[in-house]
Amino acid sequence: MDARFLAIDELTAPPSIAVVVDVMRACTVAAWAFAQGAEKIVLAASLDEALALKARHPDWVALKDGPAAPGFDAVNSPGLLRSTDLGGRTVVQKTTAGTVGALAVKEASLVLCAGFVVAEATARILRARGCDEVTFVVTGEGGRADEDLACARYIAGRADETVTDAAPFLRRAATSRTATELTEGVRQGAHPDDVALCLELDRFPFALVAAQEDSLMVLRAADSASVHPVHPVHPVHP
Ligand SMILES: O=C(O)[C@H](CS(=O)(=O)O)OP(=O)(O)O
Ligand SMILES: [Mg+2]
């Protein structure tokens, strides 16, 4: 498998197969949203778009990163989201990097969104499809975020079965700048357990597949054997 690791701003033409990696924290949060019962996640291109969608669909759950803000129901923290019942709800998610990365590759034939919590389910889809070329979108810090690079390389290694030991990859993510700043409380809209939750390897058995539905980019939990959206994911009770 030919794996390329690109920053968002290095994307030129739409890749055929894209894995958008945001360990801390958009993809981990998305996985937790499905674990808490969400039906789907609409990826918003801006805070204004998220609020406009919320205005049109008042029962949707508007989620942003950073501090809480008027009009939004949740923040981009797995530690906070894991105690929220999202049964059957639609979430609108807007973050700094992960949602931007997914929207940047919306023309791809397959878009997976990943973190360590869905690493094996993601790799299983790549193996099952026998992908020759996969573009990993390393969303953090202009493509240099250690946690995203480590996770992307780990998933690539699991997809072509050249890697079995996750420890070095998890260690790199655990010592990343993002992990440090989250641990030190530098980042707002966070929970003390966020870093640990982002590093829970294969916490969830499903993958995250994004696809265009009408004019929206929609993320759904997918059975990694079939790449068809599954619903509902049974809520995980912390
Ligand atoms: O919410 C996040 O973890 C980050 C923004 S920051 O690190 O909190 O400043 O956004 P993401 O798009 O999830 O990387
Ligand atoms: Mg991030």
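As the structure lists them, so they are numbered: ligands from 1, and atoms in each ligand from 1. Side chains are part of it too, since the values below use all heavy atoms of this structure and drop only hydrogens, waters and symmetry mates.
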Could you walk me through whether Arg187 and Asp65 pass the salt bridge (charged side-chain N to carboxylate O under 4.0 Å, His left out) test, one step at a time?
CA-CA 9 Å; Arg187 308 274 173 113; Asp65 63 353; over 6 Å; no
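At least one donor-acceptor pair closer than 3.5 Å links the side chain of Asp85 to the backbone N or O of Gly87. Side-chain N or O atoms of Thr28 include none that pairs as donor or acceptor with a backbone N or O of Met24 at under 3.5 Å. Distance alone, capped at 3.5 Å, places no donor-acceptor pair between the Arg82 side chain and the Gln36 backbone.
A donor atom on one side chain and an acceptor atom on the other are not found under 3.5 Å apart for Thr95 and Asn76.
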For ligand 1, what N or O to protein N or O distances fall under 3.5 Å?
unit_1   : atom_1 : unit_2 : atom_2 : d
ligand 1 : 1 (O)  : Arg25  : NH2    : 3.1
ligand 1 : 1 (O)  : Asn76  : ND2    : 2.8
ligand 1 : 3 (O)  : Met24  : O      : 3.3
ligand 1 : 3 (O)  : Arg25  : N      : 3.1
ligand 1 : 3 (O)  : Arg25  : NE     : 2.7
ligand 1 : 3 (O)  : Arg25  : NH2    : 3.3
ligand 1 : 7 (O)  : Arg187 : NH1    : 2.2
ligand 1 : 8 (O)  : Arg25  : NH2    : 3.0
ligand 1 : 10 (O) : Asp65  : OD2    : 3.1
ligand 1 : 12 (O) : Asp22  : OD2    : 2.9
ligand 1 : 12 (O) : Thr95  : OG1    : 2.6
ligand 1 : 12 (O) : Thr96  : N      : 3.4
ligand 1 : 12 (O) : Ala97  : N      : 2.7
ligand 1 : 12 (O) : Gly98  : N      : 2.9
ligand 1 : 13 (O) : Asp22  : OD2    : 3.1
ligand 1 : 13 (O) : Arg25  : N      : 2.9
ligand 1 : 13 (O) : Ala26  : N      : 2.9
ligand 1 : 13 (O) : Asn76  : ND2    : 2.9
ligand 1 : 14 (O) : Asp22  : OD1    : 3.1
ligand 1 : 14 (O) : Asp22  : OD2    : 2.8
ligand 1 : 14 (O) : Met24  : O      : 3.0

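With respect to the Mg ion (ligand 2), Asp22 has OD1 as its nearest N, O or S atom.
Residue pairs meeting the ring-ring contact (aromatic ring centres under 6.0 Å, His included) criterion with at least one member in residues 94-143, sequence neighbours excluded: Phe5-Phe136.
Distances from the Mg ion (ligand 2) show that Met24 has an N/O/S atom below 2.8 Å.
Atom CG of Asp132 has 12 or fewer neighbouring heavy atoms from other residues, nucleotides or ligands inside a 6.0 Å radius.
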